[in-house]
> 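Just dropping this structure here.
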Amino acid sequence: MVSIYSIIWSALICSFMILCILFIRKRTGFLQKYGTNVLIVLSICCIIRMILPCEFPEFQYIISNDSFYSSVMKGFFSYQFPENALPAVLAVWATGSVIFVVHFIVKYIMTEYKLKKGEISEEDISPDLFALINSDLNMPVRVSSGTPVPLLVGIVHPKVYLPLYTGEYEEKDLYYVLLHEYTHWKKGDLIKKFLINILCSIFWWNPFVYLLRFELTRLLEINCDQTLTKNMDDREVLSYLQSLYHVMQLIHNSRTVNSLHTIGFFNSNEKTAIEQRFALLIGRDKRKTGNRFVKRGLMLFVVVAMVASYYFLPQSQFHVPESDVWIEGSDAVSNADNSYVEITEDGKYYFYYANISVRISKEHFDAGYYSIYPVIDHRKKPSLLERLKNWFVPE
C-alpha cells in the first residue's frame, strides 16, 4: 500500500541517495579505483525506490516519537482539508506531468527541425570510416549548421550530426567522433536519457530529480569513454584524448546544444566534467584487480540498504486532545482510530486513549483484550540465534 508517510519517506530516501550520487561522481579518485558500476547500481536503486514508495504494515518497524518530524506532520494534518483535496492534488500532479511531457515533445520537434533545416547535404559524410566501426549499420552522418558539436539524435532512426567546421577535423578525429556516438547508440544511452526525462516529467515537483538527470547525463559520458577505450592500449587512449581536445578547440560557438533527447561528443560549457573525463582515462590503470571485491561489496551494500529502507517507516506521534474525543455527559468510546497499545523496550505495556495512558498487564494483552488496537512495539527483536535457542531449548 501507499500512504502519505511512505511517499514522504521515499522522497527523503531518494533525495539522500541523489546527494550520494553527486558526492561520489565528483570523486575522481573513487571512480578511477572502482569504476562507475557502484554509481550505476546506486542510480538504479534510487529510481526503483522513487517509483515504488510502498509500505508493508505487517513487516515494518514504525519509527514514532515526539520529534521535529512529528511536529511538522501534526501541523500538516491539523489543517482541515476539504473533501476534494486529494483529487485536486492528483489533478495538479497529472497536469504538471502532461505539461512537462508536451514541453519535451515540442523541444524534440524543434531540435529535429533545426538540425534538418541546417543540413548542408543529404549525402553521408565518410561512410568508409563508419564501415570500419560497423559495416552492418546504416546510420546517416550529416553536416548541419544547427549544432556546434557532434551529436547523436533519434531513438527510432538514429542519426549523427556534425558541425560546419567538420572539414577541419583530421581523419582520426572524425573516426573517434563517430566511434563515440556509435558507442552511445550501442549502449542505448538515448533510450536511457528518454526514460530519465519521463521520470522527471512524473516527479516534476521534486527538485532532486533534476539533479539526478544532470548527474546521470555526466555518468553516461564517463561510462561511454570507459566502454570505448576498454580494449585500447595506452597509445590509442592518448590518440582518443588528443582528438577530444582537438575537437573541443575547434568549437566556433560556445553555446553547445544541450537538448533533452540528444547526446553530444561533449558539452563545452562543462569544463569540469571534461577535465574529469580526461583524468579518468589517463588514470585508468589505477583500477586494480584486488578492488573488485570492495566494489562488489559496495554494490551489495547499496542494494541491501535500499531494500532495508522499506523495513523502516517514520510516522508522527501526538496525542489526541481530550476535547476532540470527549463530550461531557456521554460515554467515551475507544477504537482503533483513537487508541493504541505501546510496548516499551523494558517490556511494559501501556494503553493510550486521548491524552491518557494506562499501564496494562502482559497477561491481559496476551489474552487478546486489546487485539483490536494498533501496537507500537519498541522491544528489540531477538536475533536468529536467540530464536533458534528458544525454539529448541524452551524455558
Side-chain angles (χ1 to χ4, degrees), residues 2 6-56 59-60 97 100-101 104 152 155 183-228 230 260-263 273 276-277 280 284 287 291-313:
V2 178
S6 64
I7 293 175
I8 294 175
W9 180 235
S10 177
L12 292 174
I13 291 293
C14 292
S15 298
F16 175 75
M17 295 174 75
I18 292 171
L19 292 177
C20 290
I21 293 171
L22 172 63
F23 178 81
I24 295 174
R25 203 274 308 157
K26 287 187 174 182
R27 297 303 179 269
T28 303
F30 181 92
L31 297 181
Q32 285 177 334
K33 198 170 185 179
Y34 302 109
T36 58
N37 289 338
V38 176
L39 271 180
I40 293 173
V41 172
L42 182 57
S43 302
I44 293 174
C45 288
C46 178
I47 293 173
I48 292 174
R49 194 65 177 85
M50 188 179 301
I51 62 179
L52 296 176
C54 306
E55 65 176 63
F56 307 94
F59 306 100
Q60 281 183 311
S97 298
F100 273 81
V101 170
F104 174 72
L152 174 68
I155 296 177
T183 304
H184 272 306
W185 174 81
K186 187 177 180 181
K187 291 175 64 64
D189 287 346
L190 280 174
I191 298 177
K192 296 173 185 175
K193 200 167 184 180
F194 172 80
L195 295 177
I196 292 169
N197 283 288
I198 293 298
L199 187 71
C200 289
S201 299
I202 297 174
F203 297 97
W204 56 269
W205 46 268
N206 187 351
F208 282 92
V209 298
Y210 306 105
L211 180 60
L212 177 64
R213 179 174 65 185
F214 179 78
E215 289 302 319
L216 290 181
T217 301
R218 286 189 169 187
L219 185 59
L220 290 178
E221 290 298 332
I222 293 173
N223 205 29
C224 178
D225 286 338
Q226 291 184 351
T227 302
L228 186 151
K230 183 178 181 180
L260 299 177
H261 65 281
T262 62
I263 296 183
Q276 186 181 43
R277 289 172 62 183
L280 289 173
R284 66 178 187 154
R287 277 179 281 172
N291 292 325
R292 70 175 60 176
F293 301 103
V294 179
K295 181 170 63 176
R296 290 174 181 173
L298 289 172
M299 291 189 290
L300 179 62
F301 172 78
V302 170
V303 175
V304 171
M306 188 274 290
V307 175
S309 69
Y310 282 100
Y311 178 69
F312 302 95
L313 181 64

> Can you see which heavy atom on P53 is nearest to which on S10, and at what distance?
CB-CB, 3.5 Å

> For S201, does its backbone N or O pair with a side-chain atom of S97 as donor and acceptor, under 3.5 Å?
yes

> Closest heavy-atom contact between V302 and C45?
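Closest approach of V302 to C45, heavy atoms only: CG1-SG, 4.0 Å.
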
> Roughly how far, to the nearest 0.5 Å, is the CD1 atom of I18 from the CG atom of L42?
9.5 Å

> Would you be so kind as to tabulate the donor-acceptor pairs closer than 3.5 Å made by side chains of residues 19-30, with sequence neighbours excluded?
unit_1: R25; atom_1: NE; unit_2: E215; atom_2: OE1; d: 2.6
unit_1: R25; atom_1: NH1; unit_2: Q276; atom_2: OE1; d: 3.1
unit_1: R25; atom_1: NH2; unit_2: E215; atom_2: OE1; d: 3.3
unit_1: R25; atom_1: NH2; unit_2: E215; atom_2: OE2; d: 3.3
unit_1: T28; atom_1: OG1; unit_2: Q276; atom_2: NE2; d: 3.3

> May I have the step-by-step check of side chain to side chain contact (heavy atoms under 4.5 Å, CB included) for L190 and H184, ending in yes or no?
CA-CA 7 Å; L190 280 174; H184 272 306; over 6 Å; no

> CZ/F56 to OG/S6 distance, rounded to the nearest 0.5 angstrom?
9.5 Å

> For L195, which residues count as a side chain to side chain contact (heavy atoms under 4.5 Å, CB included) partner, sequence neighbours excluded?
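Side chain to side chain contact (heavy atoms under 4.5 Å, CB included) list for L195, sorted by chain: I191.
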
> Atom CG in L31, atom CG in L219: separation rounded to 0.5 Å?
8.0 Å

> Holding to side chain to side chain contact (heavy atoms under 4.5 Å, CB included), I want the full list of residues that pass it with F203, two or more places apart in sequence or in another chain.
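Partners of F203 by the side chain to side chain contact (heavy atoms under 4.5 Å, CB included) criterion, ordered by chain and then number, come out as M50, I51, W93, L199, W205, V209.
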
> Please enumerate all residues that pass side chain to side chain contact (heavy atoms under 4.5 Å, CB included) together with T183, with sequence neighbours excluded.
L179, K187, C224, T227, L228

> Apply side chain to side chain contact (heavy atoms under 4.5 Å, CB included) to V304 and list each qualifying residue two or more places apart in sequence or on a separate chain.
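Partners of V304 by the side chain to side chain contact (heavy atoms under 4.5 Å, CB included) criterion, ordered by chain and then number, come out as L300.
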
> Could you give me the CA-CA distance, side-chain angles and deciding distance for K193 and R213, then say whether side chain to side chain contact (heavy atoms under 4.5 Å, CB included) is met?
CA-CA 8 Å; K193 200 167 184 180; R213 179 174 65 185; over 6 Å; no

> Going from SG on C14 to CG on L212, what distance comes out if it is rounded to the nearest 0.5 angstrom?
9.0 Å

> Atom NZ in K192, atom CD1 in I155: separation rounded to 0.5 Å?
13.0 Å

> Which residue pairs satisfy the side-chain hydrogen bond (donor to acceptor under 3.5 Å, both in side chains) criterion with at least one member in residues 38-54, sequence neighbours excluded?
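Counting only pairs at least two positions apart or across chains, the side-chain hydrogen bond (donor to acceptor under 3.5 Å, both in side chains) contacts touching residues 38-54 are R49-S309.
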
> In Å and rounded to the nearest 0.5 Å, what is the CE to CD1 distance from M299 to I40?
9.5 Å

> Considering non-hydrogen atoms only, spot the tightest contact between L52 and Y310 and give its length.
O-OH, 2.7 Å

> If I compare all heavy atoms of A11 with all of S15, which pair ends up nearest, and what's the gap?
O-OG, 2.7 Å

> Taking side-chain hydrogen bond (donor to acceptor under 3.5 Å, both in side chains) as the test, write out the residues that go with N223, two or more places apart.
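Once residues adjacent in sequence are excluded, the partners of N223 under the side-chain hydrogen bond (donor to acceptor under 3.5 Å, both in side chains) criterion are T36.
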
> Could you give me the CA-CA distance, side-chain angles and deciding distance for F194 and I198, then say whether side chain to side chain contact (heavy atoms under 4.5 Å, CB included) is met?
CA-CA 6 Å; F194 172 80; I198 293 298; 3.9 Å; yes

> Stepwise, does the side chain to side chain contact (heavy atoms under 4.5 Å, CB included) test hold for W204 with Y210?
CA-CA 8 Å; W204 56 269; Y210 306 105; 3.5 Å; yes

